*Asks:* 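Shown below is the structure under consideration.
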Protein chains: 2
Amino acid sequence: MNDLKRHGKAIKVYEGENKVLSSLEEAIDKAGVKDGMTISFHHHFREGDYTLNMVMAAIAKKGIKDICIASSSLGKIHEPLIEHIQNGVVTEIHTSGLRGKLAEFISKGGLEKPITIRSHGGRARAVEAGEIKIDVAFLAVPSTDAMGNASGIGANTQCGSLGYAIVDAHYADTVVLLTDDLKSYPNMPASIRQQEVDYIVKLEKIGDPEGISADATRFTKNPKELKIAENAAKVIRALPYFKDQFSFQTGSGGASLAVTRFLKDFMKKDGIKASFILGGISQPIAEILEEGLTDHLFDTQTFDAYAIESFRKNPNHHEISVSEYANPWSMGSVASQLDYVILSALEIDRDFNVNVMTGSDGIIMGASGGHSDTAESAKVTVIVAPLYRGRIATVVDKVTSVITPGKDVDVLVTERGIAVNPARKDILAILEKTNLPVVSIDALADAALKIVGKPDPIEFTDRVVANIEYRDGSMIDVIYQSKA
Amino acid sequence: MNDLKRHGKAIKVYEGENKVLSSLEEAIDKAGVKDGMTISFHHHFREGDYTLNMVMAAIAKKGIKDICIASSSLGKIHEPLIEHIQNGVVTEIHTSGLRGKLAEFISKGGLEKPITIRSHGGRARAVEAGEIKIDVAFLAVPSTDAMGNASGIGANTQCGSLGYAIVDAHYADTVVLLTDDLKSYPNMPASIRQQEVDYIVKLEKIGDPEGISADATRFTKNPKELKIAENAAKVIRALPYFKDQFSFQTGSGGASLAVTRFLKDFMKKDGIKASFILGGISQPIAEILEEGLTDHLFDTQTFDAYAIESFRKNPNHHEISVSEYANPWSMGSVASQLDYVILSALEIDRDFNVNVMTGSDGIIMGASGGHSDTAESAKVTVIVAPLYRGRIATVVDKVTSVITPGKDVDVLVTERGIAVNPARKDILAILEKTNLPVVSIDALADAALKIVGKPDPIEFTDRVVANIEYRDGSMIDVIYQSKA
């Protein structure tokens with residue numbers, strides 16, 4: 001760590017020029033996008049993002065090749081990248097998540113160079129440390145004035161927090177804002193400030209607000225998930241960190257979000273208020289602030305219209321950059337102050353390693369997100385997951401891909417029992433004194449095996465299609481090309 | 001300018017340690033302050049600052065030598081630096097201003113190495129560009145939590161905006177906060193965020209709130225100053241930039257602040273609202289926001305208790321860092337959007353050069369501040385100054401020291417007439433059609449000369465005691481050792 005310095009973006013001097021350009025094409029020219037460059041995007045609009053595809057189409061049309069895309073994440077909507085990869089326009093990808101046809105294409109070896117998968121905090125770390133050097137950031141913003149004071153609140157396409165975009169604006173050599181709501185000066189309060197911004201392009205529409213609230217944040221009605229959620233909340237309540245001024249984050253995913261509902265009931269019953277809730281903020285969390293059961297929300301990404309309205313109107317709903325959220329190479333992220341985090345899993349194994357990235361067929365279908373960031377940081381990390389889904393086990397011998405290592409995971413709550421990481425003897429001792437169904441993780445893995453049977457091993461080639469970085473930049477796993 | 005990059009501060013990793021230390025001595029040890037280092041301070045508490053002297057006393061006691069002090073400014077209260085200079089503890093000073101005995105001591109050659117005087121925007125530029133590399137920033141903050149989320153609002157010593165401190169927190173390798181109000185986590189909203197902060201020391205008292213409101217922001221009752229102020233407001237009203245959604249800044253100094261009063265009357269009469277007012281924010285400016293005559297205030301330094309209360313409660317009273325305020329090496333400071341700035345002068349000469357630094361005896365007695373920053377940036381720069389003060393001319397043949405070059409100055413308003421820089425033919429043409437007393441600057445200089453007589457030339461040695469940087473880093477003048 002010694003002698004590492006934060007990356008410094010290019011210094012440029014404003015001389016009174018008009019930053020508002022007439023088209024993406026002009027912005028690409030003025031920003032000097034050329035072969036081999038790294039360009040960045042954020043995913044605040046999730047499946048409703050129009051801008052990445054528009055920018056990449058314009059870049060492809062200009063005949064520019066060999067672009068490295070460093071997006072905070074990628075979704076199903078970014079399927080057109082397949083064509084850009086096939087045409088040599090895109091030759092490298094850094095992302096937190098990958099879904100849909102693009103994920104399948106890459107899993108099956110469609111991109112020559114392995115992609116790099118990072119956690120949200122890990123990406124902030126890599127950008128700040130200059131491991132990802134962003135030449136040009138194309139940042140969709142719900143509103144901006146003509147100088148570049150930009151906000152996640154706008155007339156057409158709102159997203160609330162601009163937590164991912166803030167980091168890119170600070171470190172990219174050139175920053176291009178894309179908006180569909182150009183406001184009069186000054187557009188305050190602003191999340192991105194004018195001195196960071198080179199160009200602005202007004203587009204007809206930057207995204208589909210409907211696409212922001214995706215499945216990952218739906219509220220579950222599944223009885224199995226509700227039971228898991230209730231038991232997870234009971235685990236939290238049983239541990240000594242559950243006291244006035246405690247803090248927590250609930251990850252996305254049905255059961256994980258549902259924990260919030262039960263936790264809220266316990267907080268009311270016990271007369272306990274949180275000091276802060278961290279997240280990805282969705283309606284159930286914003287309601288807790290509204291009801292006065294937490295003093296603060298820290299919001300790096302806003303998940304739905306209700307939470308966006310909370311962000312807009314509630315002065316204790318605070319926007320934070322993803323670096324403030326979880327950058328491990330800083331003097332303390334907000335995550336470092338967490339008491340509890342409740343997270344979901346696609347798979348968890350006998351060593352408590354968690355996979356949220358690859359499906360049981362070995363195909364990429366998820367996102368690293370803030371999983372390992374918060375799991376490592378929080379005092380107690382609770383994974384909520386069903387023992388199996390359909391005919392596929394969740395608790396397994398060995399996860400297909402490690403995103404969060406077992407050392408960061410303390411408790412697994414399933415519908416068949418609660419397993420505690422043997423490293424957390426303190427937690428085990430407490431839970432064993434309750435009437436909660438504490439079992440060993442091996443018992444859960446054995447039970448899952450008994451119910452769904454031993455799966456056929458996934459067939460991979462020996463070619464690596466993705467490198468998975470742990471939040472500190474070390475390589476924690478690789479994903480091989482799927483034969484599926 | 002090509003290939004210049006922003007300076008990157010040292011990357012450090014928080015590992016759960018307690019940041020709150022028991023004493024300044026411990027902070028100096030842990031921060032690793034040693035011979036030859038550059039340490040920084042801010043001047044938000046102006047003449048009420050206790051912290052610089054306390055830190056320097058502790059450093060001196062440890063036998064550390066050869067320290068470079070990079071303070072955003074220095075005041076009369078920092079007189080104890082004289083002893084530290086004499087003892088070799090301090091051997092270099094970067095500052096915007098210098099007053100009192102310390103200024104006299106340096107003017108008379110007390111410090112071997114010339115000090116460097118910068119404007120506020122020029123200092124932000126130098127810090128961001130790595131020309132000033134801050135090893136350790138000691139930043140007094142009215143409140144912080146134990147992680148370092150710090151604010152200009154606190155229980156004991158409030159200062160409002162932390163505009164200068166924000167820049168140092170971003171770029172100093174090590175950041176030590178000094179507070180007399182340690183809050184529970186999280187202390188939000190915060191101007192300095194936890195991930196920038198290494199250590200925190202709780203002191204009994206960090207400053208004297210009375211010292212924040214200094215003479216420089218008093219409201220004048222002097223009839224001559226009031227006449228000048230009224231005419232300056234008339235000049236502003238006569239020019240075409242005075243229209244709805246215009247913007248302005250009024251500098252400190254009696255006449256300059258008084259312009260605000262007259263301007264407000266004209267705004268009401270003409271039904272005109274400002275889009276923003278920039279500053280140094282004092283009560284008369286905060287009242288304009290309160291009365292709904294401006295949409296926004298941008299505040300890099302808050303001058304009095306009324307303005308601090310406005311900062312605390314009014315969501316359109318925005319804190320900005322001094323880099324956002326006026327850094328010329330950025331993609332556009334807020335100053336770059338100014339229509340008018342009204343500034344005072346100790347001297348202004350026939351070429352419209354302005355001196356706000358040295359007295360008629362050649363002794364340093366002022367501050368560069370935001371003078372050249374706003375003068376260069378605004379569409380119209382109006383200097384308000386009496387023809388003479390006592391027996392000393394203000395309008396002179398040649399200023400003792402140039403802080404703001406004549407190219408940045410458009411209009412001079414005195415009690416004996418209004419002079420327009422010949423470079424601004426557009427302004428001259430408009431003002432000549434009014435009944436305002438437009439004269440040439442030579443006529444004003446001649447009149448001053450006639451009244452107070454030709455002063456004896458100031459006697460200087462040929463040794464330089466201060467280098468004056470223009471905001472872009474070029475050397476605009478030097479101050480020689482005074483024989484006074």
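Keep in mind that what you see is a predicted model, and the values were worked out from it rather than measured. Chain naming here is simple, since letters A, B, ... match the order of the sequence lines and numbering starts at 1 in each.
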*Asks:* Chain B heavy atoms under 4.5 Å from E15(A): which part of the residue, side chain, backbone, both or neither?
*Replies:* neither
*Asks:* Does K12(B) pair with E128(A) as a salt bridge, N-O distance under 4.0 Å?
*Replies:* no
*Asks:* Which residue out of D295(A), D472(A), V334(A) racks up the most heavy-atom pairs below 4.5 Å with chain B?
*Replies:* V334(A)
*Asks:* Looking at P186(A), A129(A), A10(A), which has the largest count of heavy-atom pairs under 4.5 Å with chain B?
*Replies:* P186(A)
*Asks:* Kindly indicate whether the side chain of K5(B), heavy atoms from C-beta on, has any atom under 4.5 Å from the side chain of D173(A).
*Replies:* yes
*Asks:* Parallel under 30°, tilted from 30 to 60°, perpendicular over 60°: which one fits the rings of F298(B) and Y185(A)?
*Replies:* tilted
*Asks:* For residues G332(B) and Q194(A), report the shortest heavy-atom separation together with the two atoms involved.
*Replies:* O-NE2, 2.8 Å
*Asks:* Give the minimum heavy-atom separation between S336(A) and M147(B), together with the two atoms involved.
*Replies:* OG-CE, 4.0 Å
*Asks:* From M188(A) CE over to S275(B) OG, what is the distance, rounded to the nearest 0.5 angstrom?
*Replies:* 12.0 Å
*Asks:* Looking at R193(A) and E319(B), does any basic side-chain N land under 4.0 Å from a carboxylate oxygen?
*Replies:* no
*Asks:* For S333(A), is it the side chain, the backbone, both, or neither that has a heavy atom closer than 4.5 Å to a heavy atom of chain B?
*Replies:* backbone
*Asks:* May I ask you to decide if M331(B)'s main-chain N or O and K19(A)'s side chain share a donor-acceptor pair within less than 3.5 Å?
*Replies:* yes
